Amino acid sequence: MRTLIKNGTVVTATDTYKGDVLVEDEKVSTIGSSLDIAADKTIDASGKYVLPGGIDVHTHMDMPFGGSKSSDDFETGTRAAAFGGTTTIVDFAIQYRGQTLHHAMEAWAKKAEGKAVCDYGFHMIITELNDQVEGEMDALVRQGITSLKLFMAYTGVFMLDDASIFKALLRTGKNGGSICMHAENGGVIDVLVQRALAEGKTAPKYHALTRPARAEAEATHRAIALAEIADVPIYIVHLSAAEALEMVTEARDRGLPANAETCPQYLFLSYDNYEEPGFNGAKYVMSPPLREKAKQDQLWRGLAFNDLQVISTDHCPFCMKEQKELGLNDFSKIPNGAPGVETRMSLVYDGGVRAGRISLNRFVELTSTSPARIFGMFPRKGTIAPGSDADIVVFDPNRTVTLAAKTLHMNVDYNPYEGRRVTGATDTVLSRGRLVIEDGKFVGRAGAGSFVKRATRS
Ligand SMILES: [Zn+2]
């Protein structure tokens, strides 16, 4: 099977040029100007960008949370991702206390198999670390689940103490894996939540008011310090606070291998959304919470100057009806999370590239190349080059769309960006050479996506 993408502008993290891309079976085989080669299928990309498929290294499909479950499964979630120009996700498998890592891996593999329309990998969330689990970490890394996620928040559910975190970090120094950290001070947050509830403060906005930026900055600093003592890299997930970014910047200025991601919601939404009337603030209940609008420029500077390396989504949708509503009378019972996997590329292109905050190449780097590198998928994914997987997005930089829950494809009854107009949209998507989206229509197949075995740190 040969597919020829003609007349487009190929954009990678480093280059922008007019070129034709020939795909043979699952791989990019040739790139050249005016390729005159017979193909089974020709795609005209005149006036469009030809981008490496987006990579979203932070999603939660089919994830149980507080008596509910995220409303996208691997089928609806990866289909929505593809509509938005994302061809690979890295989701989180969860080891619950008393379970082995192997059990967790099997459980999540089952959720994805036969469902995912494009490729997926897993991080492993570790909620209990004993000698046996530590031993299992090595096997997991060998099987291509090379990153583990630990929590410094959610006491009694996900949170690990510093000693366990430190042990896990040390282990990754030996087995070539890496640690992703949810950095918020869980103990402080618990006290603030209990105090707010005791004072009768139950509205959604108190979710944000009980999770101060400094609690994120403190945990970020501590996570980096623990990694420094263990002499291993660290990756901070969903960094939202400028105060936390300062900790990452300071560490990087000292030459430490500290990386961090942020998400579109922290760039385009703010605390003000929690003040929306009625229970609407629940739409934005996520952890960490949305921050002050005035601080967003600092995150953009971090993205431009590489103190932040990745934009992921933390896609974790819950419907307002019956799910978010669980917290109608108590903000601490609102399921944490929001939809985002489908809107990332357009939002960042529109608000980043078009607004002059980041370059076109930096856009590709933040949404594809850099996550591929950090998480052991490069150069198989994250670029357009001979021999790489043909995960390719034909992106129209001039098409304007209005974001709305009704027309988007995520399985959730609201959208945090409802009514927002963005310019720059995905037209056509290939996943390992197969068409998944063609001119805005889904032509893929559930189960076509496969597990990506990721490499260890080299
Ligand atoms: Zn998350």
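Order of listing sets the numbers, starting from 1, for every ligand and every atom in it. All figures in this text were calculated on a predicted structure; none of them were measured in a lab.
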Y274 and Y271 aromatic ring geometry - parallel, tilted or perpendicular at 30°/60° bounds: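 Y271 and Y274: tilted rings.
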Aromatic plane relationship, F92 with H60 - under 30° parallel, 30 to 60° tilted, over 60° perpendicular: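 Parallel, since the angle between the ring planes stays under 30°.
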Positive for ring pair (Phe, Tyr, Trp, His ring centres under 6.0 Å) with H58, one of H123, H315, H238, H182: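 Between H58 and the candidates, ring pair (Phe, Tyr, Trp, His ring centres under 6.0 Å) is satisfied uniquely by H238.
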H58 backbone or side-chain N/O/S under 2.8 Å from the Zn ion (ligand 1):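 An N, O or S atom of H58 is closer than 2.8 Å to the Zn ion (ligand 1), so yes.
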The Zn ion (ligand 1) to nearest N/O/S of C316 less than 2.8 Å: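 Short answer: no, not a single N, O or S atom is under the cut-off.
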Rounded distance [0.5 Å steps], CZ in F363 versus OH in Y49: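 Nearest 0.5 Å value for the CZ-OH distance: 10.0 Å.
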Opening angle between NE2 in H60 and OD1 in D314, taken at the Zn ion (ligand 1), to 10 degrees: 90°
